[in-house]
Amino acid sequence: VWMVMPLIASGDLWTQMKHRKFNRVDSVMIVHDCWLALQFLHKRVGLLHLDIKPSNLLFQGDRIYIIDFSLWERWPVPAGRQLHQLYCTEGFRPPELQPRPWGQDKTQAQLRSVVIPAVDIWTLGVVAALLAWSTLAEPAERPQMRPREWGCTTVRNRRLDRVSPVGSFLRPALDIY
């Protein structure tokens with residue numbers, strides 16, 4: 001599979017989020033355009049990206065480009081295809097793809113049942129949460145967010161300050177949970 005895209009001088013979305021405040025219009029446009037791109041990849045091209053995150057998105061004012069297809073898989077996954085044990089970057093990985101405790105690998109049948117388009121949509125949801133966070137204030141004034149700490153056990157064990165400090169936009173939803 002080959003993809004050709006323009007050289008973007010503005011850099012990846014994560015770098016931009018760390019250095020500037022995004023407005024809601026840009027945030028909504030980014031998430032919507034990524035969703036459209038993922039729909040195209042899933043339904044027309046037959047690909048799963050499996051690693052959507054801000055550093056794999058190039059943003060240039062009015063356009064967003066999805067890059068880094070290093071973990072991609074065909075969709076639907078071919079029957080004989082041997083799947084990897086890990087997909088998605090930690091912090092963006094959906095619960096069903098989290099590594100099992102004590103080093104137990106998932107079977108190929110288990111992986112085949114969860115390596116689906118919903119993985120890309122989940123990771124896009126995490127990107128949307130980070131974009132919402134980037135609309136709150138200038139970078140120096142934002143409460144710190146740690147996507148790597150968003151694992152189910154952290155939330156389940158009520159260590160919410162590690163996931164979302166008091167005062168951040170995610171905290172009211174987590175306090176209810």
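Numbers for residues simply follow the sequence, beginning at 1.
- Residues meeting the side chain to side chain donor-acceptor pair (under 3.5 Å) test with Thr15, sequence neighbours left out: Asp12.
- Taking hydrophobic clusters as Ile, Leu, Val, Met, Phe, Trp and Tyr residues chained together by side-chain heavy-atom distances below 4.5 Å, Leu38 shares a cluster with Phe69.
- In this structure Gln108 satisfies the side chain to side chain donor-acceptor pair (under 3.5 Å) test with no other residue, sequence neighbours excluded.
- Using a 4.5 Å cut-off on side-chain heavy atoms (C-beta onward), Ser134 and Leu131 make contact.
- The distance from atom CD1 of Ile64 to atom CD of Gln60, rounded to the nearest 0.5 Å, is 10.5 Å.
- Linking ILVMFWY side-chain heavy atoms closer than 4.5 Å, directly or via other members, places Val115 and Val45 in two distinct hydrophobic clusters.
- Counting only residues at least two apart or in different chains, side chain to side chain donor-acceptor pair (under 3.5 Å) contacts with residues 115-127 comprise His42-Asp120.
- Between atom SG of residue Cys88 and atom CG of residue Leu97 there is a gap of 5.5 Å, rounded to the nearest 0.5 Å.
- The distance from the CD1 atom of Ile66 to the CD1 atom of Ile52 is 4.0 Å, given to the nearest 0.5 Å.
- The two residues Gly91 and Val126 make their nearest non-hydrogen contact at O-CG1, 3.8 Å.
- The two atoms that bring Trp72 and Leu50 nearest to each other are C-CD1, 4.4 Å, heavy atoms only.
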Name each donor-acceptor pair under 3.5 Å that joins a side chain in residues 16-23 to protein atoms two or more places apart or in another chain, with its distance.
{"residue": "Gln16", "atom": "NE2", "partner": "Ser10", "partner atom": "O", "Å": "3.2"}
{"residue": "Gln16", "atom": "NE2", "partner": "Gly11", "partner atom": "O", "Å": "3.3"}
{"residue": "Gln16", "atom": "NE2", "partner": "Phe59", "partner atom": "O", "Å": "2.8"}
{"residue": "Asn23", "atom": "OD1", "partner": "Val25", "partner atom": "N", "Å": "3.1"}
{"residue": "Asn23", "atom": "OD1", "partner": "Asp26", "partner atom": "N", "Å": "2.7"}

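- No chain of hydrophobic side-chain contacts below 4.5 Å, direct or via other Ile, Leu, Val, Met, Phe, Trp or Tyr residues, connects Val119 to Trp35.
- The structure places CZ of Arg74 at 10.0 Å from CZ of Arg81, a figure rounded to the nearest 0.5 Å.
- Looking at Arg63, its side chain never comes within 3.5 Å of a backbone N or O of Leu58 through a donor-acceptor pair.
- Between Leu130 and Pro54, the shortest heavy-atom distance links the atoms CD1-CG, 4.0 Å.
- Under the side chain to side chain donor-acceptor pair (under 3.5 Å) criterion, Lys106 pairs with no residue at all, not counting sequence neighbours.
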Checklist entry - After noting the C-alpha distance and the side-chain angles of Leu57 and Cys34, does the key distance pass the side chain to side chain contact (heavy atoms under 4.5 Å, CB included) rule? => result CA-CA 9 Å; Leu57 300 171; Cys34 285; 3.8 Å; yes
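- Taken from CZ in Phe92 to CG in Leu124, the straight-line distance is 11.0 Å, to the nearest 0.5 Å.
- Among residue pairs with one or both ends in residues 43-56, those qualifying as side chain to side chain donor-acceptor pair (under 3.5 Å) are Gln39-Lys43, Asp51-Asn56, Asp51-Thr89, Lys53-Thr89; sequence neighbours excluded.
- One finds the CD atom of Glu73 at 9.5 Å from the CG atom of Leu111 (value rounded to the nearest 0.5 Å).
- In this structure, Val114 is a member of the same hydrophobic cluster as Leu83, with clusters built from ILVMFWY side-chain heavy atoms closer than 4.5 Å.
- Cluster annotation: Tyr87 and Ile116 are assigned to the same hydrophobic cluster (Ile/Leu/Val/Met/Phe/Trp/Tyr, side-chain heavy-atom contacts under 4.5 Å, transitive).
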